[in-house]
Structure formats: C-alpha cells, structure tokens
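Encoded as structure tokens, the structure appears first; notes follow it.
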Amino acid sequence: MEVEAGQLVLTGVMALLLAGVVWWVSYVRRRQSYSVSAGGTATGVQLVERVEKPSGLIRWLTTVDHKDIGLMYGVFALFSFAWGGIAVVLMRTELLTPSADFLGLSFYNALMTTHGITMLFLFGTPMLAAFSNYLIPLLIGADDMAFPRINAIAFWLLPPGALLIWGGLILEPLNVGIQGAQTAWTLYTPLSVQQTNPGVDLMILGLHLTGVSATMGAINFVATIFAERDEKVTWANLDIFSWTVLVQSGQIIFAFPLLGSALVMLLLDRNFETSFFSVEAGGSILWQHLFWFFGHPEVYILVLPPMGLISYILPRFSGRRLFGFKFVVYSTLALGVLSFGVWAHHMFATGIDPRLRASFMAVSIAIAIPSAVKTFNWITTMWNGSLRLKTPMLFCVGFIANFIIGGVTGVFEASIPVDLVLHDTYHVIAHFHYVIMGGIAFAIFAAVYYWFPLFTQKWYQQTLGKWHFWLTMVGTNLTFFPMIFLGYGGMPRRYGSYDLTVGPVSYFTDLHQIATLGVYILAIGQLIFVWNIVTSWLEGPDIEDGDPWNLDDYGMVTNEWKWLERKRETVLLDGGSEEDTLKGEE
C-alpha cells in the first residue's frame with residue numbers, strides 16, 4: 001500500500017510539473033519582448049521605444065538578461081550549498097562515536113546520497129554557470145548570450161530538478177511510501193536497481209533534468225564564445241576564464257548525454273524489468289564503465305573553470321601578467337582531452353584486464369602534468385610580484401596549497417598497487433575533497449569577493465572576508481587531512497559506524513572527532529560569509545569608481561570593469577544636463 005501511495009504521489013508530482021511547463025511555454029509565447037520599434041524621424045534616424053523591465057517577482061521569473069540569470073544561478077547554488085553543508089554537518093556529528101546512535105544508518109545513507117549529488121550537480125556546476133553567465137558576455141564584448149531564452153530555460157530546469165533529487169527526503173516525513181534514496185551519488189547497480197523506493201526514481205529524474213540543463217548551457221556558451229565575440233577579441237587575446245569555460249562546455253556536450261542515456265536505462269531496469277544492468281550479463285561493470293566515462297570528465301568539468309578563475313584573478317593581485325599564458329591554455333586543452341581517457345582508474349579493484357589497467361594508470365599519471373604546469377605558472381606569477389593580500393588573493397593562495405595536496409594524493413591513487421590498498425577508503429574522500437572543497441570552493445570564494453563590487457557596486461566587510469578565509473582554510477585542512485590517515489588505517493568510506501576491531505579503539509574515533517571539529521569550524525566560516533555578503537549587499541559602502549581594485553595602476557583593467565565604468569557614467573548622466581548627456585552618448 002505504501003509503495004502504491006508513493007507511486008500515486010510520484011504521478012501527481014510529474015503531472016503538476018508537466019502542467020507547469022505547458023503553462024510556462026504558453027505564457028512566454030504570449031509575452032512581448034522588452035523593446036519594440038517606434039518608427040523613424042524626419043532626419044531618417046530610427047528611434048526605439050524601450051519598455052522597462054518588469055519589476056519585482058515578475059522580472060526574475062521572465063528575465064532573459066544574462067546578468068540576471070547569472071545572479072539567479074548564484075542564489076540557487078548557494079541555497080544548494082547550504083542544503084549539502086547541513087547534511088555533512090549531521091553526518092560528521094554521527095561519526096563522532098563508533099555506533100550509529102544519532103541519525104541511524106538509513107537516514108545517514110540518505111544524507112550521504114543527497115550530499116554528494118547536491119554538491120556536484122546543484123552547487124558546483126550551477127555556481128560556475130553563475131559566473132560564466134554574468135561575466136563571459138562582458139569579457140568578450142557581447143550584448144548577451146547567443147540564445148537568451150535557452151539560457152533562461154537551462155536555469156529553470158534546475159529548481160524542479162533539485163526538488164526531485166531532494167524529493168525522497170522531503171516526502172519521507174509524510175509517510176506516503178517515499179524515502180530518501182540510499183544509493184550513494186554513484187548509483188551503483190545492482191543496489192540502485194533492487195531498491196524499490198520511489199525516491200530513487202525521483203532522484204534519477206532530477207539528475208536527468210540537471211544534465212539537460214547543463215548540456216543546454218554548454219551549447220549556449222560554445223555558440224556565444226565562437227559567434228558573439230567583439231571584433232577586438234580574437235583567439236590570441238581571449239581571456240583565460242573564457243578558454244576554460246569553452247573547454248568545459250565541450251566536455252559537457254560529450255559527457256552529460258552519456259549520463260542521461262545510462263540514467264534512462266537504469267529507469268527502464270527499475271520500472272519495466274529490462275536487463276541492461278543485470279548481474280548475470282555483467283551489468284554491474286557496464287554501469288561503472290558508463291557512469292565513470294561521464295564521472296571523471298565531470299571532475300574536470302568542475303575544476304577547469306575554477307582554474308580559469310585563479311589564472312584570471314591571481315595576476316591582478318600579483319602586479320604581473322599571468323606567466324606562460326599560452327601554456328596555461330594548452331594545458332587546459334590537454335586536460336579536456338585526457339579527462340576522457342582515465343575513467344577506469346576508478347575500477348582498478350573490479351578485476352578488469354591487467355593490460356587495460358596499466359594503460360589507464362599511465363594516462364592517469366600523465367594527466368597530472370597539465371595540472372602541474374598550471375600550478376608552476378601560478379607560483380611563478382607570484383614570484384617577485386607586488387603581492388596585495390586582499391581577500392580574493394588569500395583564497396587564490398589557499399586554492400594552490402590545497403590543490404597541491406589534492407593532486408599529490410591523486411597521483412598515489414593513480415598507481416595500481418597503491419590504489420588496491422586505498423580503494424574505497426577515506427583516503428579517496430580526502431583526495432577529492434581537497435580538490436572540490438579545498439580547490440573549487442576556494443576559487444569560487446575568490447571570485448565572489450573579487451567581483452562583488454561589480455555585482456553590487458558596494459564593498460564587503462574586508463575584516464569578515466579575511467576571517468572567512470582563515471576559518472575555511474583551517475577547517476578544510478582539519479577536516480580532510482585526518483581522513484588521509486583514516487584511509488591508511490583502512491577506514492572504509494560511506495559507513496555511518498565503524499568497527500573498532502580493525503585497529504586500536506581510539507585510532508578511528510580520535511581522527512573522526514578531529515575531522516568533525518574541522519567541519520564545525522567550516523560551518524562557522526560559511527555563516528560569516530553569508531552574513532558578510534547579505535549585509536554588505538544591503539548596507540555596504542558604495543565603490544567610488546569603476547576600478548575598485550586599482551587595476552589601472554598595473555595596466556590590468558579588463559572589459560568587465562570598463563563596462564562597470566560606462567554603466568556608472570550613464571547613471572550619473574541620467575541626472576545631468578542635456579549637454580552632459582550628449583557628451584556621454586558621444
């Protein structure tokens with residue numbers, strides 16, 4: 001009965017979603033555009049009557065402006081970051097003691113699943129899309145994205161996708177037969193096929209929507225960078241952030257459709273008794289091949305734009321241009337290509353052909369070289385530079401330090417003999433969280449602080465910004481460095497409790513408690529960040545000009561700050577005399 005009730009609820013949710021989509025499409029078709037032609041004049045000059053954008057909620061629901069959409073991506077991603085962060089605080093609290101006496105194992109597994117998917121698909125990718133949407137048209141001199149309406153649709157697929165992904169946890173308290181999915185974010189078969197919980201189907205459908213959203217956005221970015229660049233912006237002087245987004249978009253176009261196909265097959269296996277991933281036919285290994293062919297490019301889909309952000313922001317506070325710009329671009333292209341040739345290093349322990357394992361080990365170690373090229377270029381850019389340790393620069397330096405630890409631990413795991421010992425232990429968690437939290441999140445924070453004056457024309461509280469950095473840096477290392485030793489001790493990942501018979505009673509417990517303390521420090525740092533951003537946006541002091549970071553002193557004023565200066569001049573002239581207005585138009 002519970003399963004039937006859950007299926008009825010699922011059917012109702014999908015019907016409401018479909019009805020909402022139909023209404024939205026019909027509404028957009030009826031809605032007039034923002035500007036209409038008003039005919040000519042006696043002098044032959046064509047005049048355009050501009051209709052102001054709607055205000056309030058209607059504006060945000062109907063906008064196709066790339067800046068508005070970028071801001072909506074950012075707010076959505078921060079909300080998702082809060083959801084995933086609360087989940088991990090609860091999980092780490094459970095791991096303070098060996099027994100699962102706080103959450104229970106089922107709820108722990110559901111939180112672990114939603115944490116991983118949320119951070120990767122609902123925070124990481126959308127937050128990078130936020131910066132890409134807002135900045136790339138400004139950086140390349142375009143009026144907007146190539147396909148503004150598709151850009152809006154790509155964003156509006158995310159909220160229903162998030163509700164579907166979180167649907168099991170949201171509906172579980174209602175006792176309708178739907179619980180949070182307990183498959184982990186990798187959805188390994190046969191577990192993900194055998195769980196009859198409709199919450200798994202909801203999650204798969206939500207993942208599919210986020211994949212469609214990312215693919216539509218990627219096509220839009222490729223079209224925009226290729227076709228909408230200003231005449232002065234050539235491939236030779238295209239900024240490094242746009243290069244990384246271009247390569248990331250190419251990876252998404254090749255990787256995400258494969259994930260979508262695998263998810264459709266998984267849904268068919270779950271609901272229509274097909275046998276794509278049947279155990280007898282080796283379907284469990286097939287799922288891993290399909291999933292990781294998407295999954296490892298996904299790592300670089302997430303890390304390439306942050307590398308571009310660091311490469312873009314770091315020189316502004318070093319007083320020097322990026323060292324070896326061309327080699328940074330070449331290494332970006334190399335990462336984009338090589339990322340599709342390393343997926344099976346996640347499968348060294350599955351018993352695949354040793355000759356295949358050796359080839360994947362070689363490529364996995366080789367892919368570290370382009371990342372090392374970037375790291376040395378960042379360090380060389382800072383060498384003998386005029387360093388200004390503002391908050392964005394602190395996060396750039398923190399990114400480099402954490403990324404080195406994450407990269408070195410990854411090289412060890414790329415070695416077959418070492419990986420067989422450390423596979424599916426906490427060492428793996430330490431490795432990719434040093435890259436994701438210690439790297440990607442640090443780059444995002446650097447970008448938020450660097451472009452905050454651009455988004456808001458206000459200043460954040462700089463002391464709170466530095467407190468945010470130090471708490472995040474200490475919390476990150478206090479959380480994840482003990483996990484390296486947990487992995488060496490044999491602590492398996494994804495466990496809500498741990499067996500004390502494996503080693504000394506206090507070994508796992510002490511390390512877990514240190515890691516949990518680090519998570520609490522991280523949480524405090526993020527609360528300071530949210531407080532700083534919100535209060536500064538509402539009440540912060542206004543910037544004095546369009547060059548708040550004094551980039552002109554170093555000859556590094558870029559297109560987005562020039563756009564801000566033009567915008568400020570236009571606002572000032574709106575209240576000036578007609579003569580001043582004419583001069584501004586000239």
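By the 6.0 Å contact criterion, CG on Asn237 is enclosed, its count of non-hydrogen atoms from other residues, nucleotides or ligands being greater than 12. More than 12 heavy atoms of other shown residues, nucleotides or ligands fall within 6.0 angstrom of atom OH in Tyr554. Within 6.0 Å of atom NE2 in His208, 12 or fewer heavy atoms from other residues, nucleotides or ligands are found, so the atom counts as exposed in its surroundings. Around the CZ atom of Phe79, the shell of radius 6.0 Å holds no more than 12 heavy atoms that belong to other residues, nucleotides or ligands.
How far OG1 of Thr381 is from CG of Leu322: 4.5 Å, rounded to the nearest 0.5 Å. Note that CG of Leu304 and CD1 of Ile440 are 9.5 Å apart. Values are rounded to the nearest 0.5 Å. Remark: Arg566 CZ to Asn559 CG distance equals 7.5 Å, nearest 0.5 Å. Atom CZ of Phe254 and atom CD1 of Ile301 lie 11.5 Å apart (nearest 0.5 Å). Between the CZ atom of Phe376 and the OG atom of Ser331 there is a distance of 12.5 Å, given to the nearest 0.5 Å. Interatomic distance, SG of Cys396 versus OH of Tyr312, reported as 12.5 Å (0.5 Å rounding).
Between Ser242 and Ile140, some side-chain heavy-atom pair lies under the 4.5 Å cut-off. Using a 4.5 Å cut-off on side-chain heavy atoms (C-beta onward), Trp383 and Phe323 make no contact. Contact annotation: the side chain of Arg321 approaches that of Met556 to within less than 4.5 Å [non-hydrogen atoms, C-beta and beyond]. Taking 4.5 Å as the limit, some side-chain heavy atom of Pro548 sits within range of a side-chain heavy atom of Trp561. At a threshold of 4.5 Å between non-hydrogen side-chain atoms, the residues Val557 and Asp547 count as touching. Inter-residue side-chain proximity for Ile252 and Ile219 is flagged as unmet; no heavy-atom pair is nearer than 4.5 Å. Side-chain contact check for Trp156 versus Met72: some heavy-atom pair is nearer than 4.5 Å. For the pair Lys374/Leu335, a side-chain contact is recorded, criterion being any heavy-atom separation below 4.5 Å from C-beta on.
Note that Arg229 lies in the cation-pi zone of Trp235, set by a 6.0 Å cut-off to the ring centre and a 45° limit from the axis.
Inspection of the Trp83 and Thr114 side chains reveals an N or O donor paired with an N or O acceptor under 3.5 Å. Ser536 and Trp459 share no side-chain donor-acceptor pair at under 3.5 Å. A donor-acceptor pair shorter than 3.5 Å cannot be found between the side chains of Thr380 and Asn377. With hydrogens and angles left out, the side-chain atoms of Trp287 and Thr186 include no donor and acceptor closer than 3.5 Å. Side chains of Thr391 and Gln462: no donor on one and acceptor on the other come within 3.5 Å.
In this structure a side-chain-to-backbone donor-acceptor pair under 3.5 Å is missing from Ser339 to Pro297. Judged purely by atom type and a 3.5 angstrom limit, His289 has no side-chain atom pairing as donor or acceptor with the backbone of Leu286. At least one donor-acceptor pair closer than 3.5 Å links the side chain of Thr456 to the backbone N or O of Lys458. A distance-only check finds no donor-acceptor pair linking the side chain of Arg316 to the backbone of Met393 [under 3.5 Å]. Proximity of a side-chain donor or acceptor of Thr409 to a complementary backbone N or O of His431 within less than 3.5 Å is not detected. Panel note: side chain Thr125, backbone Leu120; a donor-acceptor pair is recorded below 3.5 Å. In this structure a side-chain-to-backbone donor-acceptor pair under 3.5 Å is missing from Asn402 to Phe399.
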- Message: Determine whether Trp166 and Thr118 satisfy the following criterion, side chain to side chain donor-acceptor pair (under 3.5 Å), listing intermediate values before the conclusion.
- Response: CA-CA 9 Å; Trp166 300 333; Thr118 297; 2.9 Å; yes
- Show your working on side chain to side chain donor-acceptor pair (under 3.5 Å) between Trp378 and Ser311 and close with a plain yes or no. CA-CA 7 Å; Trp378 295 327; Ser311 301; 2.9 Å; yes
- Message: Apply salt bridge (charged side-chain N to carboxylate O under 4.0 Å, His left out) to residues Lys232 and Asp230 and explain how you reach the verdict.
- Response: CA-CA 5 Å; Lys232 297 178 182 178; Asp230 186 83; 5.6 Å; no
- Task: Show the numbers, then the answer: is there a ring-ring contact (aromatic ring centres under 6.0 Å, His included) between His433 and Phe480?
- Result: CA-CA 7 Å; His433 277 84; Phe480 301 119; 5.0 Å; yes
- Message: One pair to check against ring-ring contact (aromatic ring centres under 6.0 Å, His included): Phe432 and Trp185. What are the steps and the verdict?
- Response: CA-CA 14 Å; Phe432 71 74; Trp185 78 277; 7.6 Å; no
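Note on ring orientation: taking the six-membered ring where Trp is involved, the planes of Phe121 and Phe256 are perpendicular (angle over 60°, cut-offs 30° and 60°). Using cut-offs of 30° and 60° for the angle between ring planes, the His468 and Tyr449 rings count as tilted. In this pair, Phe452 and Tyr460 present their aromatic rings perpendicular. The plane angle is above 60°, beyond the 30 to 60° band. Trp563 and Tyr134 have perpendicular rings, their planes meeting at more than 60° on a 0 to 90° scale where under 30° would count as parallel.
Of all heavy-atom pairs between Met216 and Ala154, the closest is CB-CB, 4.2 Å. Listed here is the closest heavy atom pair of Pro257 and Thr215: CD-OG1, 4.3 Å. Gly465 and Asn532 make their closest contact through N-ND2, 3.4 Å (heavy atoms, listed as atom of the first residue, atom of the second, distance). Looking at every heavy atom in both residues, Thr210 comes nearest to Leu158 through CG2-CD2, 4.0 Å. The heavy-atom pair separating Ala146 from Thr224 by the smallest distance is N-OG1, 2.8 Å. Taking all atoms of both residues into account, the shortest heavy-atom contact from Pro392 to Ile313 is CB-CG2, 4.2 Å.
Taking the six-membered ring for Trp and the full ring otherwise, the centers of Phe403 and Tyr434 sit at least 6.0 Å from each other. Separation of the Trp292 and His346 ring centroids falls under the 6.0 Å cut-off. If you look at Trp243 and Phe325, their ring centroids are not closer than 6.0 Å.
Asp545 and Arg568 are not joined by a salt bridge, as no carboxylate oxygen comes within less than 4.0 angstrom of a charged side-chain nitrogen.
Here the rule is side-chain hydrogen bond (donor to acceptor under 3.5 Å, both in side chains) with Asp68, and of Thr63, Asn133, Thr62 only Thr63 fits it. Partner Phe340 forms a ring pair (Phe, Tyr, Trp, His ring centres under 6.0 Å) with one of Phe293, Phe294, Tyr300 and no other, that one being Phe293.
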